[in-house]
Asker: 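Before we start, here is the structure in question, set down as structure tokens.
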Amino acid sequence: MSRDRAELCRETRHLADVEHHPEWANEKAKLTMSSLSGGPPALGATYRSQQVFGGKPQTADIEIVQFDRPNRFAFAISQRKKGGGGKDVHYTHTFVLSPEGGGTRLERTTDGDGNPVVGFLAKPAIMKDGRTSLGNLKARVEASA
């Protein structure tokens with residue numbers, strides 16, 4: 001296996017290990033995660049998360065919807081406010097990994113059906129949270145090399 005492929009596999013393993021995302025998530029989110037389906041990460045595996053965003057508790061059901069190791073990984077989220085109220089919002093986070101300059105390029109995209117006005121207003125906080133989490137992931141992957 002080439003160095004690039006080995007690195008991609010290692011990074012995909014960290015991304016796909018959804019139950020352990022709290023270990024590298026932004027600490028302010030107070031993220032917890034539990035497996036609903038049991039077993040290792042695989043296409044169709046399901047999880048439940050709890051976190052705080054914008055000072056409000058959130059609960060989400062998560063399913064791995066794409067798993068093309070080591071190049072692509074995606075999970076779908078159905079998120080609702082803790083205790084009910086409001087409508088469920090659905091997102092898909094897709095990660096594409098590719099070798100680049102002796103390292104790995106990670107591209108993340110997010111699609112969803114949430115309120116576009118709320119999305120626009122919350123985008124700076126969402127982007128900051130994502131940068132913090134992905135920076136933590138990068139440090140974790142590099143430490144395990």
Asker: If I compare all heavy atoms of Gln50 with all of Thr59, which pair ends up nearest, and what's the gap?
Answerer: CG-OG1, 4.0 Å

Asker: From His93 NE2 over to Leu15 CG, what is the distance, rounded to the nearest 0.5 angstrom?
Answerer: 12.0 Å

Asker: Restricting to non-hydrogen atoms, name the atom on Leu43 and the atom on Gln66 that form the minimum distance, rounded to 0.1 Å.
Answerer: CD1-N, 3.7 Å

Asker: Are Lys28 and Thr132 packed together at the side-chain level, in the sense that at least one heavy-atom pair is separated by less than 4.5 angstrom?
Answerer: no

Asker: Measure the CD-CD distance between Gln51 and Gln79 for me, rounded to the nearest 0.5 Å.
Answerer: 5.5 Å

Asker: How close do Pro41 and Asp17 get, counting heavy atoms only, and between which atoms?
Answerer: CG-CA, 3.8 Å

Asker: Under the side-chain hydrogen bond (donor to acceptor under 3.5 Å, both in side chains) rule, what pairs show up with a residue in residues 30-47, not counting sequence neighbours?
Answerer: none

Asker: Once you round to the nearest 0.5 Å, how far does OG of Ser49 lie from CG of Asp61?
Answerer: 8.0 Å

Asker: Indicate, with yes or no, if Ile64 and Val96 share a hydrophobic cluster defined by side-chain heavy-atom contacts under 4.5 Å among Ile, Leu, Val, Met, Phe, Trp and Tyr.
Answerer: no

Asker: Quick one: CG on Asn136 to CD on Glu27, what's the gap to the nearest 0.5 Å?
Answerer: 7.5 Å

Asker: Answer yes or no: is there a side-chain heavy-atom contact under 4.5 Å between Pro70 and Leu97?
Answerer: no

Asker: Looking at residues at least two apart in the chain, or sitting in another chain, which of them share a ring pair (Phe, Tyr, Trp, His ring centres under 6.0 Å) with His21?
Answerer: Trp24, Phe75

Asker: Can you establish whether the number of heavy atoms outside Glu23 located under 6.0 Å from its atom CD is more than 12?
Answerer: yes

Asker: Could you report the tightest heavy-atom contact between Pro40 and Ala45, atom names first, then the distance?
Answerer: O-CB, 4.5 Å

Asker: Give, for atom NE2 of His20 and atom CZ of Arg13, the distance between the pair rounded to the nearest 0.5 Å.
Answerer: 11.5 Å

Asker: Please check if Val89 and Val65 belong to a single hydrophobic cluster, counting links between Ile, Leu, Val, Met, Phe, Trp and Tyr side chain heavy atoms closer than 4.5 Å.
Answerer: no

Asker: Looking at residues at least two apart in the chain, or sitting in another chain, which of them share a side-chain hydrogen bond (donor to acceptor under 3.5 Å, both in side chains) with Asp113?
Answerer: His90

Asker: On a heavy-atom basis, which atom in Ile77 and which in Ile62 lie closest, and how many Å separate them?
Answerer: CG1-CG1, 4.0 Å

Asker: Nearest 0.5 angstrom please: Asn71 CG to Phe95 CZ, how far?
Answerer: 15.0 Å

